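Input: a single structure, listed below in structure tokens.
Residue numbering restarts at 1 for every chain, and letters A, B, ... go by the order of the sequence lines. Everything numeric here is computed off the predicted structure, so don't read it as measured data.
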2 protein chains.
Amino acid sequence: MADGGEPGTVRPGGRTARVREAVLRAAEDALTEQGFSGLDLADIARRADVGKTTVYRRWGTVAALVADLLQDMAEQSAPRTETGSLLGDLTANALLVQRTLTDPRQGPLFKALIAAATGDARTAAALHRFYDIRVREWAPCVRQAVDRGEVPRGTDAHEVVRAVSAPLYYHLLISGDRLDETAAARAAEAAVTAARAGVYVTDRGRKG
Amino acid sequence: MADGGEPGTVRPGGRTARVREAVLRAAEDALTEQGFSGLDLADIARRADVGKTTVYRRWGTVAALVADLLQDMAEQSAPRTETGSLLGDLTANALLVQRTLTDPRQGPLFKALIAAATGDARTAAALHRFYDIRVREWAPCVRQAVDRGEVPRGTDAHEVVRAVSAPLYYHLLISGDRLDETAAARAAEAAVTAARAGVYVTDRGRKG
DNA sequence: TCGTTAACGGGTCTGTGGTTCCGTTAGCAG
DNA sequence: CTGCTAACGGAACCACAGACCCGTTAACGA
């Protein structure tokens with residue numbers, strides 16, 4: 001008794017780690033190719049060259065597996081570019097997002113991850129954490145812009161970064177419009193314009 | 001032979017129409033409660049008091065049923081309010097969207113519809129059509145603003161309306177942030193600010 | 001190096017969602 | 001009103017994802 005709980009926690013090295021890695025990669029492939037609804041544990045096990053019992057025992061549900069995949073993805077981060085101006089930085093961010101979402105592998109993967117999150121609270125929490133980390137990485141460029149006097153003090157840096165991504169995801173998921181460099185540039189420009197005008201200042205009204 | 005094709009096309013009245021209505025309402029309920037992944041035709045048939053054979057024969061797949069539901073939803077439209085200013089109009093729009101997405105019934109339903117669209121091209125097309133219609137209904141207020149001189153000529157009215165919704169859907173699906181009146185007001189304000197600055201003018205560069 | 005046992009994996013069973021068959025109901029043309 | 005047949009619906013059938021059992025492999029502490 002008292003073995004800690006979840007399998008994989010007592011002997012996390014060697015084979016266990018290898019299996020986890022293989023299954024997560026296989027899940028990524030399966031999600032990319034079949035999407036969230038066409039997902040099946042046996043198929044993932046086959047792709048990963050792993051017993052399907054293992055997949056069931058370690059993760060149990062598709063939702064839990066996706067949540068674990070999101071945690072794994074959150075850990076590996078891409079570095080941020082710095083251009084010296086807020087518009088330059090956020091345009092770089094918008095282009096990064098645009099390229100990711102139109103990538104023939106990453107695009108479908110992200111769609112599937114978001115779809116998975118709509119149906120399960122734990123997956124949704126993992127998705128929110130993933131994006132929170134990504135937003136956090138880019139927030140400093142907004143704070144630098146505040147210091148330079150480009151945007152008003154009190155601007156919510158996170159909200160500005162989110163405002164850049166929002167229209168791109170809207171195109172991807174909802175309107176289906178073309179998601180090209182123009183759309184990315186426009187998203188960055190709109191966010192910067194609004195930020196400069198003080199739209200993202202959180203405590204408006206207190207000082208006036 | 002040569003009976004036209006799809007069932008329900010030769011005798012569309014009476015029972016057939018009643019069944020379609022009942023099934024669509026049941027599908028709406030099921031989507032709202034169970035989400036997209038937990039959907040099953042037998043359950044929908046039970047809710048609709050209809051043989052599951054009928055559901056299978058008429059729609060075949062979950063995706064096709066959802067697509068039909070979206071078409072049905074697209075047909076019934078909500079009227080648009082007019083306030084006289086672009087900010088007023090778009091704030092009304094943002095609040096409408098915000099209230100819809102936070103509604104305990106509609107919110108989960110829309111999440112499920114969007115999730116369904118990520119996995120199937122026909123469902124995606126139906127979703128795009130639905131939103132295109134909604135955007136089209138609100139576009140006139142942007143064109144009126146152009147006529148009043150509030151925003152520059154050449155502004156893409158559809159893109160402005162989409163810009164209002166985008167952050168709200170981003171909150172709902174991706175970041176998980178609170179989706180309150182403040183967020184709605186901010187979304188409208190950001191869109192108006194950017195529109196005034198000419199961010200949504202489509203043929204920029206041609207005239208300069 | 002060795003022993004303990006966590007973790008894996010093949011094989012089998014089972015519940016359930018999807019499919020088909022065929023008799024029944026009812027829309028609609030005459 | 002009547003007949004033809006489109007469309008529905010109950011029930012049996014089937015395939016397959018998910019659950020389980022138990023023998024095998026290998027992580028890790030001593």
Side-chain angles (χ1 to χ4, degrees), chain A residues 1-27 29-31 33-68 112 116 119-120, chain B residues 1-27 29-31 33-68 112 116 119-120:
Chain A
M1 64 170 92
D3 48 64
E6 297 295 291
T9 54
V10 180
R11 289 178 184 173
R15 181 164 67 162
T16 299
R18 221 153 44 234
V19 164
R20 184 180 120 102
E21 192 58 25
V23 171
L24 291 186
R25 290 292 77 76
D29 289 352
L31 271 180
E33 291 168 29
Q34 262 96 52
F36 169 63
S37 56
L39 211 56
D40 131 55
L41 293 184
D43 179 49
I44 290 174
R46 213 177 307 121
R47 287 166 182 265
D49 262 312
V50 154
K52 72 172 175 173
T53 311
T54 301
V55 178
Y56 177 71
R57 185 172 33 229
R58 282 281 296 271
W59 290 278
T61 69
V62 172
L65 178 56
V66 173
D68 197 14
D120 179 76
Chain B
M1 64 168 99
D3 48 66
E6 297 294 293
T9 53
V10 180
R11 288 179 185 170
R15 181 165 67 165
T16 299
R18 221 156 41 237
V19 164
R20 185 181 118 103
E21 192 56 27
V23 171
L24 291 185
R25 290 291 79 75
D29 290 352
L31 272 179
E33 291 169 29
Q34 262 96 52
F36 169 62
S37 56
L39 209 56
D40 131 55
L41 294 185
D43 178 50
I44 290 175
R46 213 175 307 121
R47 287 166 182 264
D49 261 313
V50 153
K52 75 171 176 174
T53 311
T54 302
V55 178
Y56 177 70
R57 184 172 36 231
R58 281 283 296 273
W59 291 276
T61 69
V62 173
L65 178 56
V66 173
D68 197 13
D120 179 76

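B:Asp49 places its CG atom 15 Å from the P atom of D:dC8, with the value rounded to the nearest Å. As a whole-Å value, the separation of B:Asp43 CG from C:dG18 P is 11 Å. Here D:dC8 presents its C1' atom at 11 Å from CH2 of B:Trp59, a figure rounded to the nearest Å. B:Arg18 has its CZ atom 6 Å from the P atom of C:dG27, to the nearest Å. To the nearest angstrom, P of C:dT20 lies 12 Å from CZ of B:Arg57. If you take CZ of A:Arg20 and C1' of D:dA27, they are 17 Å apart, rounded to a whole angstrom. Look at CG on B:Leu41: it is 8 Å from P on C:dT19, rounded to the nearest Å.
Each end of the helix from C:dT1-D:dA30 to C:dG30-D:dC1 gets its own axis from five base pairs, and the two axes differ in direction by 50°, given to 10 degrees.
Taking both residues in full, the closest heavy atoms of B:Val55 and B:Ala45 are given as CG2-CB, 3.9 Å, listed atom of the first, atom of the second, then distance. Of all heavy-atom pairs spanning B:Trp59 and B:Asp68, the tightest one is NE1-OD2, 2.7 Å. Pairing each heavy atom of A:Leu31 with each of A:Phe36, the nearest pair is CD2-CA, 3.8 Å. Here the closest heavy-atom approach between residue A:Ala30 and residue A:Asp43 is recorded as CB-OD2, 4.3 Å. Nearest heavy-atom pair across B:Arg47 and B:Ala26 is CB-CB, 3.7 Å.
The phosphate of C:dG18 has neither OP1 nor OP2 within less than 4.0 Å of any side-chain N or O from B:Tyr56.
The residue among A:Thr54 and B:Gly60 whose nearest nucleotide of DNA chain C is located toward the 5' end is A:Thr54.
Once rounded to the nearest 0.5 Å, the distance linking CD of B:Glu33 with CG of B:Leu39 reads 11.0 Å. Note that the CZ atom of A:Arg57 and the NZ atom of A:Lys52 stand 13.0 Å from one another [nearest 0.5 Å].
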Q: Apply side chain to side chain contact (heavy atoms under 4.5 Å, CB included) to the pair B:Leu41 and B:Leu65, showing each step before the final yes or no.
A: CA-CA 9 Å; B:Leu41 294 185; B:Leu65 178 56; 4.3 Å; yes

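Inter-residue side-chain proximity for B:Asp40 and B:Gln34 is flagged as unmet; no heavy-atom pair is nearer than 4.5 Å.
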Using a cutoff of under 3.5 Å, can you pull out all pairs of nitrogen or oxygen atoms linking the protein to nucleotides 11-16 of chain C, with atom names and distances?
unit_1: C:dG11; atom_1: O6; unit_2: A:Thr53; atom_2: OG1; d: 3.4

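Closest to the side chain of A:Arg15, out of D:dG9, D:dA7, D:dT25, is D:dT25.
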